[in-house]
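To start, the structure under review is shown below, and the notes come after it.
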Amino acid sequence: MTISLTVIIIEATGNVSYGLPIIVVVLFAKWVGDYFNEGLYDIHIEMKHIPLLPWEPPPVACHQLCATDIMTRKIQCFRRLQKASLLVFGSTNQNLIRSHL
């Protein structure tokens, strides 16, 4: 975002010689803004309760959880072209769904 904002400001002023001071000011403003509060998009995501994965995985997922802990052997297979009613009602249990390609 800082580079695009710098390019927009440089094009608006019409003078490329202001490029370095403008990018320094934009970077400094971004650092100050990030230090004091979250980003605008992050605030709106929290306000609307949109589910979003965090940047870092939970500590349990890093070292103690293996793929075999969440896998199942009861796999349901569906054809490539399948009726939606069979997909919705056929997948009510928590088995993995794999489609044949």
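- In this structure, K30 and V26 have side chains that are not in contact, with every pair of non-hydrogen atoms separated by 4.5 Å or more.
- Here the CG atom belonging to L5 is positioned 10.0 Å from the CD1 atom belonging to I10, to the nearest 0.5 angstrom.
- Grouped by direct or indirect side-chain proximity (heavy atoms under 4.5 Å, Ile/Leu/Val/Met/Phe/Trp/Tyr only), I45 sits with I50, L52.
- Scanning for side-chain contact (heavy atoms from CB on, under 4.5 Å) contacts around L20 gives I23, V24, with sequence neighbours left out.
- Here I43 contributes atom CD1 and N37 contributes atom CG; the two are 5.5 Å apart, rounded to the nearest 0.5 Å.
- Judged purely by distance below 3.5 Å, without hydrogens or angles, the side chains of T13 and N15 never pair a donor atom with an acceptor atom.
- Under a hydrophobic-cluster definition in which Ile, Leu, Val, Met, Phe, Trp and Tyr are linked whenever side-chain heavy atoms come within less than 4.5 Å, directly or via other members, L27 and V32 are assigned to different clusters.
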